[in-house]
Amino acid sequence: MISASDLTPAELAALLHFHADAGVDWLLEEQPVDRFAEFEAMRAARQGGRAAQPRAETPAPATRTQPDRRQAAKPTAPAAAPPRAAPAIPDEQAVEQARFAAESARSLSELKTAIEAFNGCNLKNSARSTIFASGTAEGRIMVIGPMPSADDDREGAPFSGRAGLLLDKMLAAIGLQRDGILLANVIPWRPPGNRAPSAPEIEICRPFIERQIALAEPKALLLLGNFTARYFFGGGETIHGLRGQWRELSILGRAVPAIASLHPQELLTAPINKRLAWSDLLAFKHYIDAEILG
C-alpha cells in the first residue's frame with residue numbers, strides 16, 4: 001500500500017483529482033482498517049462466548065392449564081410497513097412533461113427555473129447540481145458539451161475543472177472569452193459514475209437543450225465531444241469522423257450551422273490530438289469572423 005507521505009504534492013493532488021472524477025466524495029477512515037481481521041476476531045469472540053454458556057435445561061412441564069392473563073392481555077406492536085418507493089414516471093409521460101416545461105419558457109432564465117423544478121429524469125436524483133447554460137447569448141455563439149463532469153457537478157457550472165481551464169485557453173487562442181459566449185451541456189445532470197445516459201434519459205433531456213438553442217438564437221454552434229457530435233449529427237461515427245465539418249442543424253424549425261471538435265477532456269487524455277482541435281478552432285474562427293463579427 002502506498003502511503004500519502006510517500007507521494008509528492010503533485011502526485012497527491014493528481015491522486016485526489018482521480019478519486020474525485022471517479023465519484024469518491026468522502027474518506028471514511030483516517031487510518032487503514034483490516035476488515036478481514038476484524039471480522040475474524042468478532043467471529044472468534046462470538047464462538048467462544050457461545051461455547052462458555054452452559055447448556056439450557058429442558059423446562060419442566062407447566063402444571064397450569066390456564067394461560068397467563070397478564071401475558072395474554074399484553075398487546076403486540078404491529079409490524080412496521082416497508083417504506084413505499086416513489087412511483088416512477090413512465091418515459092413517454094416524462095418526455096411530454098419536459099416538452100411542455102421547455103415550450104412554456106419564454107426566456108433562458110425561465111427555462112433555467114423550469115429545468116431546476118423538473119423531476120421527471122432519474123439522473124437528477126443522483127446529481128448534486130442542475131447544470132444550466134452560463135455566459136451570455138448576446139455573442140450569438142454557443143459551445144455545447146455532452147453531460148456534466150464531476151467538476152461541473154461540484155461547481156454548478158459547465159466546463160469546470162482542468163477541462164474548463166483548457167477550454168478557456170482554446171477560446172482565447174481564437175479571440176473568444178467564456179463570458180462573451182454561451183456554454184451549455186446536452187444533459188443537465190451528471191450521470192452516476194460518469195456513465196453514458198440511457199436512450200430514455202436522452203429523450204427526456206432533449207426538449208431542454210433544443211429550447212436553450214432556440215431561445216439563445218446562436219449563429220454558430222461548436223459541438224465538443226463524441227457524444228455531442230453523435231447527438232446532433234446522428235449516426236455512429238466517432239468524433240474523428242465527425243469533426244471539422246460544417247453541417248446545418250434544424251432546431252425547432254430554425255437552421256443553425258454547427259461544427260464538431262474534440263472535447264477538452266479528450267485532449268487532456270491524448271494531447272497529440274490538440275493539432276486536430278486547433279484546425280477545427282481555426283475553421284470556427286474563420287466562420288464567425290466572416291458571418292458574425294464581420
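In this chain, numbering begins with 1 at the start of the sequence shown. What's counted below: heavy atoms across the whole structure, side chains too, no hydrogens, waters or symmetry copies.
Here the side chains of Trp278 and Ile174 are in contact, with some heavy-atom distance below 4.5 Å. Within the 4.5 Å cutoff, no side-chain heavy atoms of Met147 are placed close to those of Leu123. Between Cys205 and Trp189 there is a side-chain heavy-atom pair separated by less than 4.5 Å. Looking only at side-chain heavy atoms (C-beta outward), Leu282 and His286 stay at 4.5 Å or farther from each other. In this structure the side chain of Arg230 never reaches within 4.5 angstrom of the side chain of Pro146, judged on heavy atoms. Contact annotation: the side chain of Asp151 never approaches that of Gln265 to less than 4.5 Å [non-hydrogen atoms, C-beta and beyond]. Residues Pro264 and Leu224 are in side-chain contact: their nearest non-hydrogen atoms beyond the backbone lie under 4.5 Å apart. In this structure, the side chains of Ile141 and Leu222 stay at 4.5 Å or more apart for every pair of heavy atoms.
Both tests do not hold together for Arg178 against Phe159: distance to the six-membered ring centre under 6.0 Å, angle to the ring axis within 45°.
Asp280 CG to Gln245 CD: the interatomic distance, rounded to the nearest 0.5 Å, is 9.5 Å. Rounding to the nearest 0.5 Å places CD1 of Ile204 at 9.0 Å from CD of Glu92. Rounded to the nearest 0.5 Å, atoms CZ (Arg140) and CD1 (Ile181) are 14.5 Å apart. Atoms CG and CZ, on Leu171 and Phe284 in that order, are 8.5 Å from each other to the nearest 0.5 Å. Put simply, NE2 on His263 and CG on Asn226 are 11.5 Å apart, with the number rounded to the nearest 0.5 Å. One finds the CD atom of Gln212 at 5.5 Å from the CG atom of Leu111 (value rounded to the nearest 0.5 Å).
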#### Entry: Trace of the side-chain contact (heavy atoms from CB on, under 4.5 Å) decision for Ile115 with Phe132
CA-CA 8 Å; Ile115 296 177; Phe132 190 72; 3.7 Å; yes

### Query
When you look at Phe227 and Ile239, which way does the side-chain contact (heavy atoms from CB on, under 4.5 Å) test go after all the steps?
CA-CA 8 Å; Phe227 175 86; Ile239 186 61; over 6 Å; no

### Task
Apply the test side-chain contact (heavy atoms from CB on, under 4.5 Å) to residues Ile213 and Ile144: give CA-CA distance (whole Å), side-chain angles for both, the deciding distance (0.1 Å), then the verdict.
CA-CA 10 Å; Ile213 297 173; Ile144 304 178; 3.8 Å; yes

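Minimum interatomic distance between Ala277 and Leu262 (heavy atoms only, all atoms of both residues): N-CD1, 4.4 Å. When all heavy atoms are compared, the tightest approach of Ala216 to Met142 is CB-SD, 4.3 Å. Pairing each heavy atom of Phe232 with each of Ile209, the nearest pair is CZ-CG1, 4.2 Å. Nearest heavy-atom pair across Arg190 and Pro148 is CG-O, 3.3 Å. Scanning both residues, Ile292 and Ala220, for their nearest heavy atoms gives CD1-CB, 4.1 Å. The shortest non-hydrogen separation linking Ile187 to Ile202 is CD1-CA, 4.4 Å.
One N or O on the side chain of Glu110 and one on the backbone of Arg106 form a donor-acceptor pair closer than 3.5 Å. The backbone N or O of Glu116 lies less than 3.5 Å from a partner atom in the side chain of Lys124, making a donor-acceptor pair. Between the side chain of Asn273 and the main chain of Leu267, no donor-acceptor pair closer than 3.5 Å is present. Checked by atom type and distance alone, the side chain of Asp153 pairs as donor or acceptor with a backbone atom of Arg128 at under 3.5 Å. Counting only distance, with no hydrogens or angles, the side chain of Asp168 and the backbone of Leu165 share no donor-acceptor pair below 3.5 Å. Side chain of Ser279 to main chain of Arg275: no donor-acceptor pair is present (N/O by atom type, distance under 3.5 Å, no hydrogens or angles).
Taken together through direct or relayed side-chain contacts under 4.5 Å among Ile, Leu, Val, Met, Phe, Trp and Tyr, Leu183 and Ile288 form part of one hydrophobic cluster. By the criterion of side-chain heavy atoms lying less than 4.5 angstrom apart, applied directly or through intervening Ile, Leu, Val, Met, Phe, Trp or Tyr residues, Leu268 is grouped together with Met170 in one hydrophobic cluster. Both Phe208 and Leu252 belong to a single network of hydrophobic side chains, linked directly or stepwise wherever heavy atoms of I, L, V, M, F, W or Y lie under 4.5 Å apart.
Partner of Leu223 under the side-chain contact (heavy atoms from CB on, under 4.5 Å) criterion, chosen from Val186, Thr228, Leu242: Thr228.
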